[in-house]
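Before any comments, here is the structure.
So that the names make sense, note that chain A is the first sequence line, chain B the second, and so on, each numbered from 1. As a basis for the values below, the full set of heavy atoms in this structure was taken, side chains included, without hydrogen atoms, waters or symmetry mates. All values derive from a computational prediction rather than experimental measurement.
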Amino acid sequence: MVLREYLKRRLVPAVITLFVVMSINFLLFHAMPGNPFALLIRDPRMPPEMRAKLAHAYGLDLPLEIQYLLYFQNTFAGNLGLSLVYKVPVTALVSERLINTLVLVTPATLLSILIGTVIGLLSGWKRGGKVEISALLFSLLTYSLPVFWLGMIFIMFFAVTMRAFPTSGISTYGLTYPDFLSYLSDRAAHLFLPTAVLTLVLLGQYALIMRSSAVDVLSQDYILTAKAKGFSESRIIRTDVLRNALLPLITLIGLNFGLIVGGAIQTETVFSYPGIGRLVYESVVTRDYPVLEGAFLAISVSVIAANLITDLFYAYFDPRVRY
Amino acid sequence: MKIVYPLVLCLIVLLAPTNGQALANPYGGTLKVGIITEPDTLNPFVTVTIQSFTVLSLVYDTLGKYDRDMKVVPWLASSWDISADGRTWTFHLAKNAMWSDGVPLTSADVKFTYDFAIENKIGTAAYYVGSVESVQTPDDSTVVVTRKSPLTAGFEQTLAYPAFPVLPKHVWEKLSPEQILKFENVPVVGSGPFVFSEWKRGEYLSLKANTNYWKGRPYLDEAVFRIFKSFDTMLAALKTAEIDIIPTEVPALTAASLAGDPNIKVVTSPDYYTRIFTPNDHVNGTGNPALRDARVRRAFQYAMDRNFLAQTIHLGLVDPAVSFIPPAYGIWHNPNVEPYPFNVTLAAQLLEEAGYTDPRHSGVRSNKEGVRLEFNYWVNNRWPEEMRAASQVQQWFSQVGIKLNVQAMDADTITAYNYPVWKYDIYFWGWRVGPDISRRLWVLTTDAVKAEWSASGWSNPAYDDLWNQQVNTLDPEERRAIIWQMQDFIQQESPEIPFYHMKTVAAYRIEKFAGYLSMTEGILSEINIWSWMELHMVAPTVVTQTTVLPTTPAVAPPTDNTPWIVAAIAVIVAIAALGYAATRKRRAE
């Protein structure tokens, strides 16, 4: 099947990209100013022999090229090292936080795409009317709202005043769940506010892009032909407008996905949600290099995978793409 | 009749049998504590955060503890005898002490802890055993510690701080020094009033009550430290009762705003914590050389109004500093140190004397060698209120011809420029060394510069002499005189300029738990074991001694998820519909 060929052609650049990204990750953390030993030997009264022993234990005294090769070897074996601060394996730490972020970010992204598309289509179709203006205003408003502020407002209103949702965290401490459904219910209750905030701030851009894309499609001749043929509005939207207008949107989603995975940090901070964005920030502050390397790797892989999937979707949706 | 009746009443009251015993505190409850900084590790040899010390103080025991007047009282050692010459201390360990894995605690563990620290010299522990010569164990519950000669003052201080707890020999003896540094120490095997339960990094750390604690279990069943990334969210959680207490670092403005809530109480306690304006005084430092002149530093003192800063920036919740030793140190604090009043004229005069003039009125003074009074001033970015203070200081300094370039910087970067390169001008830092006065004074010695503990790099042999004198003076009155003299000396030399002595500000809810006891460093600190042992649920009904309220674990209501299911289905249906609609065209072809 020709799709397989396409896949192969797309896969090779993706792998090369991954290799380059990993190399840059490695170089960045061993060439940055600020002593990587500073954290290891925080206690200044540690004798120099102890510092040397510690450096040896972490493999930091080997020549840079050997460390480089070891880095690749270890990564593919799944060993991303030990966190300098927590002393736990980086793989476990990063994967847990990544999953937390994905659980938060995926519904938010999907919802924002959905709502954004609908709003965009609506405002594109009904140009010049109240619908378009209000939809435009809404999109611009949500797009420009600062995430942190919106999060705090939501907490103040929904959590403190109305007591409808918990203020923060990922689950309620100390609850025993009699069944899986109540566990889901507790997790969902904690996820509701951060997801709502993230959805609101993301949908603005999708709505705006969708709108301009729809406007562009609607000015095409085949739409006029369809109208002349007497097809209903909903049929035209469904069969002609939607699929064609979606294409730029798919590109945008692919581009955004990587940013969102690492960039939900403001939401994660406000809601004390243990996600990967927050982990990256904390590791930067504490100079926890192994965790940073692992987190950056995870985010890079997400971006590359997202772009690969976007390419596939594009090929699927757009018959003009030859493979 | 008039006399008899009340008399009879009195008799009845006095003779009536008491209804059971006095109201006793109920056992049970989970105390939820909100914290922003998470412990870094629970390995006492490696950790540097105060939050770790708090947890360590609960899962481990020390031989003694600070009581609420900051005297060291017996704890794991139920008593100790001191020989006439003071060199030999004989500790008698409490009975029935046990490790959380069931192994009994014996004197071998105490000997092991001392020997281990002496041999490996890692971490803060090295300081605590510095004056110990040898440790013997004549029997399972007796430890004999022989101190080095000549004796140093304050030995009992080393018995009480949680940075040096008694460790289980059977867990730690297998570790080599490199292994110690990488040792996670989770789950912790300790002998303390609480037992380590769970640590989800970034989320919470929970401890359970040690029901077999040799001193009697605490009333609480469980203590959870919930980690928050944003202070405002933590405050919201306190308001919704998701947490019960924020034990420290409640900002001044927040404390004021909580005054209206009847369920929340705000408590301030004295603390050993000082925020200090730290110039680079190191002889080989590459900062601005003007800082090495004491006259310039004294001019700094005259050019600032610390009272004003304490009032406006911290709303009076801190003590403006005169001596660099906070009043919390009790008799060691010298209240007679001569303060520097806010006096711009005197400041300018001192700068002129030191040779810094501004004949061309450029706004910045300089001397004949071309050294300008322009400095980079780095403020720890954890304190936005100090950035505001810094811009005020900048303004004051510009009045006397000093230019300050203010910049916020994170703590690790500042440390990187401090040790070992001494490559900064001035930075703003917080110091909290703990109740041990010798250690606090030690930080300004030449040894501290070599050990990379000194902040300013200042070194003065006269001060070193005084320090050696006080540490070898056992008579408290003589020692006090020397320590007061040291404070006067520092005030004169001004190697570092303390701004204010902070107070610990805590906020807690009153309706669920009671028993917080006040103490220096706060109601729930790493040295305040008393609150932890006293905290209990506020009982809704009268209970007698023998009744223990059954602890009902909170169970999630199983019925409340219909709206979620409906919403989830709706979302899935919507996405499916969209996908179907999008693919319809393809199928039609």
Side-chain angles (χ1 to χ4, degrees), chain A residues 34-35 38-39 42-47 50 53-54 56-57 82 85-88 93 97 107 110-111 114 117 152 155-156 159-160 163 166-170 172-179 181-186 188 238-239 242-243 246 268-272 274 278-279 285-287 317, chain B residues 30 32 40-41 43 46 48 121-124 126-127 177-178 181-184 200-204 206 222 224 226-230 232-234 236-237 239-240 242 410-413 415-416 419 451-453 553-558 560-561 564-565 568 571 574-575 578 581-582 584-585 588:
Chain A
N35 196 346
L39 184 75
R42 255 197 193 148
D43 181 356
R45 275 152 314 119
M46 196 181 294
M50 193 53 62
K53 280 199 189 134
L54 197 54
H56 184 72
L82 213 64
V85 173
Y86 293 126
K87 320 259 180 296
V88 293
L93 192 61
R97 299 290 190 102
L110 289 175
L111 271 175
L114 207 69
T117 309
M152 281 314 303
I155 292 180
M156 284 300 150
V160 180
R163 306 285 164 109
T167 59
S168 55
I170 196 173
T172 311
Y173 177 79
L175 280 190
T176 52
Y177 304 106
D179 50 51
L181 226 47
S182 58
Y183 168 70
L184 273 185
S185 153
D186 186 47
R238 261 186 297 118
T239 58
L242 185 65
R243 294 196 61 221
L246 264 179
E268 288 170 10
T269 302
V270 177
F271 290 96
S272 292
R278 185 68 202 185
L279 181 67
V285 171
T286 54
R287 304 283 196 282
F317 273 104
Chain B
T30 301
K32 302 193 223 40
D40 53 349
T41 166
N43 178 335
V46 182
V48 289
K121 291 199 194 37
I122 318 168
T124 343
Y127 169 80
E178 302 90 73
L181 292 163
K182 284 168 97 163
F183 185 44
E184 198 193 343
K200 271 205 124 199
R201 285 168 177 82
E203 288 181 56
Y204 60 84
S206 64
E222 221 183 335
V224 180
R226 266 198 63 187
I227 297 149
F228 288 85
K229 329 272 193 188
S230 143
D232 296 300
T233 314
M234 187 163 72
K239 289 190 181 158
T240 60
E242 276 171 51
D410 74 279
D412 276 305
T413 311
T415 313
Y419 317 118
E452 292 179 358
W453 260 79
V555 174
D560 196 37
N561 35 50
W564 300 118
I565 302 172
V571 169
I575 294 173
L578 190 67
R584 263 258 305 241
K585 168 101 195 246

### Task
Heavy-atom pairs under 4.5 Å with chain B are the metric here; pick the option from A:L279, A:V270, A:I155, A:T172 that has the most.
A:V270
### Summary
A:M156 and B:A236 have their tightest heavy-atom pair at CE-CB, 4.4 Å
### Task
Name the region of B:Y204, side chain, backbone, both or neither, that has any atom closer than 4.5 Å to a heavy atom of chain A.
side chain
### Message
Less than 4.5 Å to any heavy atom of chain B: does that hold for the side chain of A:P166, its backbone, both, or neither?
### Response
both
### Donor-acceptor pair, side chain of A:S272 and main chain of B:K229, under 3.5 angstrom
yes
### Task
Write down the atom of A:Y86, the atom of B:E184, and the distance for their closest heavy-atom approach.
O-CG, 3.8 Å
### Message
Testing B:E222, B:R226, B:E242 one by one against A:Y173 for a side-chain hydrogen bond (donor to acceptor under 3.5 Å, both in side chains), which residue passes?
### Response
B:E222
### Task
For A:R163 and B:K239, work out which heavy atoms get closest and say how close.
NH2-O, 3.3 Å
### Task
Check each atom of B:D410 against the heavy atoms of chain A and say whether the ones under 4.5 Å are side chain, backbone, both or neither.
side chain
### Task
Below 4.5 Å from any heavy atom of chain A, which atoms of B:K32 appear? Answer side chain, backbone, both or neither.
neither
### Task
For residues A:P274 and B:G202, report the shortest heavy-atom separation together with the two atoms involved.
CB-O, 4.5 Å
### Query
Are any non-hydrogen side-chain atoms of A:T167 and B:M234 less than 4.5 angstrom apart?
no
